[in-house]
Colleague: 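Please find one structure pasted underneath; my questions will follow.
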Amino acid sequence: MSWPDGTPMFHNNVHRFAGNVEKMSAGRMRITVDSPGKHKAPLGIFDMVRSGAYEMGHTASYYYKGKDPATTFFTTTPFGMTPTEMNAWYYYGGGLELLDEVYARHNIVAFPAGNTHLQMGGWFKKEIHSISDLKGLKMRIPGLAGEVVSKVGMKPVSIPPGELYTSLERGTIDAVEWAGPANDEKLGFHKIAPFYYTGWHEPGAELHILINKSSFDTLPEDIKIIITVAAKEASFDMLSESFFRNTIAWQEMKKKNDIKIRTFPDDVLRVFKQANDELLNEIAIKSPLAGKIINSQKAFLDKAKEWSRITDADYLQLR
Ligand code: CA
């Protein structure tokens, strides 16, 4: 897995999946979980699974946009779908078929297997009043969002989860986004960077289990189904656990610390959104397959937005 041992939600999600597969298969399939402490390549899961060095790995698809830009959109898209919308797209709106199409080109089978829920926009040492405050700011922010902030003059860096605190403390980065209160509190970012921004960039990051396709294809049908069902359960369970733990962690965290919760100013969000739209167009031109995924997600989201507005958004307002 990409995650250091003990990472809340991430760690237990992987072990839960492995345990469920072993139990459901009555011990016919056993999965050994290694963390970066052992394999030393937190962002190398894609390559290790593709080559067969590991037959299976748990990671975030968007770490591999350099290998294949089409992998990015399976984790999350800035200003894109919420977890509910994403699940609808994955399981009923053609998402899984596109996931198969992209990963088959790399001899990998992929399953959605864990969702963080909506992520917070990150920790900043200084308050952001306008887009000029962001110029030259070094921030750990992976995936597409990293390219978006780069378009507006920030300097995005991709640092493995285990090295974030030290990087912030040493000033290698000025700001950091990781996930939400339950994960962030443990890493202690609030001690150095007290401005905690609400999210726009990862409206529900989906994680994935990647399996070497040559290995997967040799498995008996019932084991394939066990893996499929256990992955779906892992996705649901991590989403539920993330919502629960973040709810509790936020209450604890704000009691104990002087955290300044902020939403980016409207004009900053407008610039992010415009940069994001430009970026999606550029990627679609460069990679037709990525374009197919962008269009599939957009076509669904255009309709889902209205449904979400008259259901979830309306209800949240009136409650
Ligand atoms: Ca994140």
Side-chain angles (χ1 to χ4, degrees), residues 1-4 6-11 13-14 36 42-43 45-46 58-66 71-83 86 112-124 128 134 137-150 154-168 172-190 192-193 195-208 235 238-239 241-243 245-246 249-250 253 259 261-264 269 272 275-276 279:
M1 60 182 178
S2 288
W3 332 111
T7 306
M9 278 92 76
F10 293 69
H11 168 112
N13 182 51
V14 180
L43 308 182
I45 308 293
F46 181 101
H58 192 273
T59 190
S61 188
Y62 68 2
Y63 290 149
Y64 310 105
K65 67 185 165 80
T71 56
T72 311
F73 309 95
F74 296 114
T75 303
T76 189
T77 305
F79 302 101
M81 294 186 276
T82 64
M86 188 82 158
N115 195 300
T116 63
H117 189 239
L118 283 84
Q119 295 198 9
M120 289 296 282
W123 300 90
F124 289 73
I128 305 303
L134 294 172
L137 206 83
K138 289 178 294 222
M139 180 173 186
R140 183 271 178 182
I141 178 165
L144 221 53
E147 293 184 55
V148 171
V149 302
S150 165
M154 290 172 71
K155 300 200 181 331
V157 281
S158 192
I159 296 173
E163 298 161 26
L164 295 177
Y165 184 84
T166 322
S167 305
L168 190 64
T172 314
I173 49 176
D174 308 303
V176 59
E177 76 75 50
W178 171 213
N183 293 101
D184 295 359
E185 185 183 24
K186 192 166 181 286
L187 297 181
F189 305 135
H190 56 278
I192 321 173
F195 293 96
Y196 199 19
Y197 277 84
T198 57
W200 56 276
H201 65 305
E202 296 197 50
E206 186 70 41
L207 310 175
H208 293 86
S235 179
M238 186 175 169
L239 181 61
E241 189 184 3
S242 295
F243 196 101
R245 288 195 188 278
N246 283 324
W250 171 240
M253 209 174 180
I259 295 167
I261 197 95
R262 295 287 186 274
T263 295
F264 288 108
L269 287 171
F272 281 164
N276 186 60
L279 183 66

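Order of listing sets the numbers, starting from 1, for every ligand and every atom in it. Side-chain atoms are counted along with the backbone in the values below, which use heavy atoms only and exclude waters and symmetry mates. Along the sequence shown, residues are numbered consecutively beginning with 1.
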Colleague: Side chains of F79 and L144: closer than 4.5 Å at any heavy-atom pair?
Modeller: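 No, side chains not in contact.
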Colleague: Test Y64 against F74 for ring pair (Phe, Tyr, Trp, His ring centres under 6.0 Å), laying out the working first.
Modeller: CA-CA 11 Å; Y64 310 105; F74 296 114; over 10 Å; no
Colleague: Suppose we only count N/O/S atoms under 3.0 Å; would A205 qualify as near the Ca ion (ligand 1)?
Modeller: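 Here the distance criterion (N, O or S atom, under 3.0 Å) is not met by A205, so no.
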Colleague: By atom name, which N, O or S atom belonging to E177 lies closest to the Ca ion (ligand 1)?
Modeller: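 Atom name returned: OE1.
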Colleague: Can you name the N/O/S atom of E202 that is nearest the Ca ion (ligand 1)?
Modeller: OE2
Colleague: Could you tell me which residues satisfy salt bridge (Lys or Arg N to Asp or Glu O under 4.0 Å) with E177, sequence neighbours excluded, listed by chain and number?
Modeller: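 Testing E177 for salt bridge (Lys or Arg N to Asp or Glu O under 4.0 Å), a comparison that skips the adjacent residues, returns R140.
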Colleague: With a cut-off of 3.0 Å, does Q119 place any N/O/S atom under that distance from the Ca ion (ligand 1)?
Modeller: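 Yes.
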Colleague: Partners of Y63 by ring pair (Phe, Tyr, Trp, His ring centres under 6.0 Å), sequence neighbours excluded?
Modeller: none
